[in-house]
Chemist: 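First the structure, which I've put down as C-alpha cells, then a few questions once you've had a look.
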Amino acid sequence: MEQKIHQGRNVKRFREMLGIKQEALAFDLGEDWNQKKISLLEQKKVVEEALLQKISEVLKIPVDAFKNFDEEQAINIISNTFDNCQQPASVFYNSTVNQLDQFIKLHDEKIALYERMLKEKEEMMQRLEAIIKSQ
C-alpha cells in the first residue's frame with residue numbers, strides 16, 4: 001500500500017496551526033533559510049531526517065507527528081465511525097484505533113502547545129509593559 005503521508009504538508013499544517021509564518025520558521029532554522037526555501041520544503045513528500053529533527057525542535061512538535069500524521073485518513077476514520085453508527089465496534093482494527101489515538105494525542109499536544117504559547121505571549125506583554133512603565 002502506498003504511503004499517503006506528505007511530510008512537507010505536515011510541516012506546513014503544524015506551522016500554520018501554531019500561527020507561524022514561513023519567514024519566522026526560516027529565521028529560526030538559521031541563516032541558510034528563507035521564505036522561498038520553506039515554501040519548497042513544504043512541497044516535499046519526504047523531508048530529510050536531520051531537517052525534520054531541527055524543525056521538530058523549532059516548532060516543539062514531535063518528529064513522529066510529521067512522519068505519521070495523515071489528516072485525510074484521520075478524517076475518514078472519524079467520519080466513517082460517526083456517520084454510520086450502526087456499524088459494530090469490531091470494525092475498528094488495532095491499526096485504526098492506534099491511528100485515532102495518535103490523532104487525538106496530537107490534537108491534545110497542539111492544544112497544550114497553543115496554551116503554552118498564549119501564556120508565554122502574556123508573560124512577554126507583562127514584561128514589556130513593566131519596561132515601558134519603568135522608563
Side-chain angles (χ1 to χ4, degrees):
M1 186 164 125
E2 182 188 343
Q3 182 175 341
K4 289 184 173 182
I5 294 169
H6 192 291
Q7 294 175 355
R9 195 174 304 129
N10 284 343
V11 169
K12 179 179 181 177
R13 283 189 184 118
F14 287 112
R15 176 186 59 72
E16 288 176 341
M17 283 188 258
L18 295 170
I20 297 171
K21 294 195 175 292
Q22 289 179 332
E23 294 86 352
L25 178 57
F27 179 82
D28 287 340
L29 289 176
E31 57 187 56
D32 292 344
W33 286 90
N34 57 40
Q35 180 273 324
K36 175 101 173 132
K37 280 181 77 172
I38 296 296
S39 180
L40 293 171
L41 163 82
E42 291 176 349
Q43 295 172 36
K44 293 175 78 175
K45 183 169 176 106
V46 177
V47 179
E48 299 79 24
E49 182 72 27
L51 181 53
L52 269 185
Q53 184 62 45
K54 191 167 185 179
I55 295 168
S56 167
E57 291 166 13
V58 168
L59 296 181
K60 296 178 176 38
I61 300 272
V63 171
D64 285 344
F66 303 117
K67 289 181 176 179
N68 300 321
F69 184 68
D70 182 355
E71 186 174 54
E72 182 180 316
Q73 189 173 31
I75 289 168
N76 287 340
I77 291 165
I78 292 167
S79 124
N80 289 341
T81 305
F82 293 109
D83 287 347
N84 193 355
C85 293
Q86 283 75 23
Q87 288 182 329
S90 62
V91 294
F92 276 114
Y93 298 102
N94 283 338
S95 63
T96 305
V97 172
N98 288 340
Q99 289 169 349
L100 187 56
D101 286 344
Q102 279 183 327
F103 179 75
I104 291 168
K105 182 180 176 194
L106 284 172
H107 183 267
D108 291 345
E109 289 173 356
K110 286 186 288 187
I111 290 172
L113 179 62
Y114 183 69
E115 288 172 347
R116 190 172 76 236
M117 289 174 64
L118 284 175
K119 183 179 178 194
E120 288 175 6
K121 180 180 176 184
E122 186 177 311
E123 290 170 356
M124 176 71 79
M125 294 300 291
Q126 289 172 350
R127 287 195 298 268
L128 289 172
E129 286 172 3
I131 291 170
I132 290 169
K133 287 178 184 175
S134 70
Q135 291 181 351

Chemist: Is any side-chain heavy atom of Arg127 closer than 4.5 Å to a side-chain heavy atom of Met124?
Modeler: yes
Chemist: Just how far is it from atom CD1 of Ile61 to atom CG of Leu113, taken to the nearest 0.5 Å?
Modeler: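 Going from the CD1 atom of Ile61 to the CG atom of Leu113 covers 5.5 Å.
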Chemist: Please list all pairs passing the salt bridge (Lys or Arg N to Asp or Glu O under 4.0 Å) test where one or both residues lie in residues 46-64, with sequence neighbours left out.
Modeler: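 Qualifying pairs: Lys44-Glu48, Glu49-Lys67.
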Chemist: Would you say NZ of Lys12 has more than 12 non-hydrogen atoms from neighbouring residues, nucleotides or ligands within 6.0 angstrom?
Modeler: no
Chemist: Using side chain to side chain contact (heavy atoms under 4.5 Å, CB included) as the criterion, point out the one residue from Leu59, Leu51, Val47 that pairs with Phe66.
Modeler: Leu59
Chemist: So if you build clusters from Ile, Leu, Val, Met, Phe, Trp, Tyr with side-chain heavy-atom gaps below 4.5 Å, do Ile20 and Phe27 land together?
Modeler: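 In one cluster: no.
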Chemist: Go through Arg9 and Arg13 one step at a time and tell me if the side-chain contact (heavy atoms from CB on, under 4.5 Å) criterion holds.
Modeler: CA-CA 6 Å; Arg9 195 174 304 129; Arg13 283 189 184 118; 3.3 Å; yes
Chemist: Which residues end up grouped with Ile111 if you chain together Ile, Leu, Val, Met, Phe, Trp and Tyr wherever their side-chain heavy atoms are less than 4.5 Å apart?
Modeler: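 None, because no other hydrophobic side chain comes under 4.5 Å of this residue.
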Chemist: Which value, rounded to the nearest 0.5 Å, describes the distance between Gln35 atom CD and Leu40 atom CG?
Modeler: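 Between atom CD of Gln35 and atom CG of Leu40 there are 9.0 Å.
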Chemist: Considering non-hydrogen atoms only, spot the tightest contact between Ser39 and Gln22 and give its length.
Modeler: CA-NE2, 3.5 Å
Chemist: Is Leu18 linked to Trp33 within one hydrophobic cluster, defined over Ile, Leu, Val, Met, Phe, Trp and Tyr using a side-chain heavy-atom separation of less than 4.5 Å?
Modeler: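 Yes, Leu18 and Trp33 fall within the same hydrophobic cluster.
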Chemist: Return the OH to CE distance between Tyr114 and Met117, rounded to the nearest 0.5 Å.
Modeler: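 Answer for the OH-CE pair, Tyr114 versus Met117, is 8.5 Å.
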Chemist: Nearest heavy-atom pair of Ile38 and Arg15: which atoms, and what distance?
Modeler: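 In this case the closest contact between Ile38 and Arg15 is CG2-NE, 4.5 Å.
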Chemist: Could you give all pairs that pass the salt bridge (Lys or Arg N to Asp or Glu O under 4.0 Å) test and reach residues 20-37, with sequence neighbours left out?
Modeler: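 Residue pairs passing salt bridge (Lys or Arg N to Asp or Glu O under 4.0 Å), neighbours aside: none found.
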Chemist: Once rounded to the nearest 0.5 Å, what's the spacing between atom CD of Glu42 and atom CG of Leu25?
Modeler: 7.0 Å
Chemist: Identify the two heavy atoms, one from Ile5 and one from Asn68, that lie closest to each other, and give their separation to 0.1 Å.
Modeler: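 Smallest heavy-atom distance, with atoms named: CD1-O, 3.3 Å.
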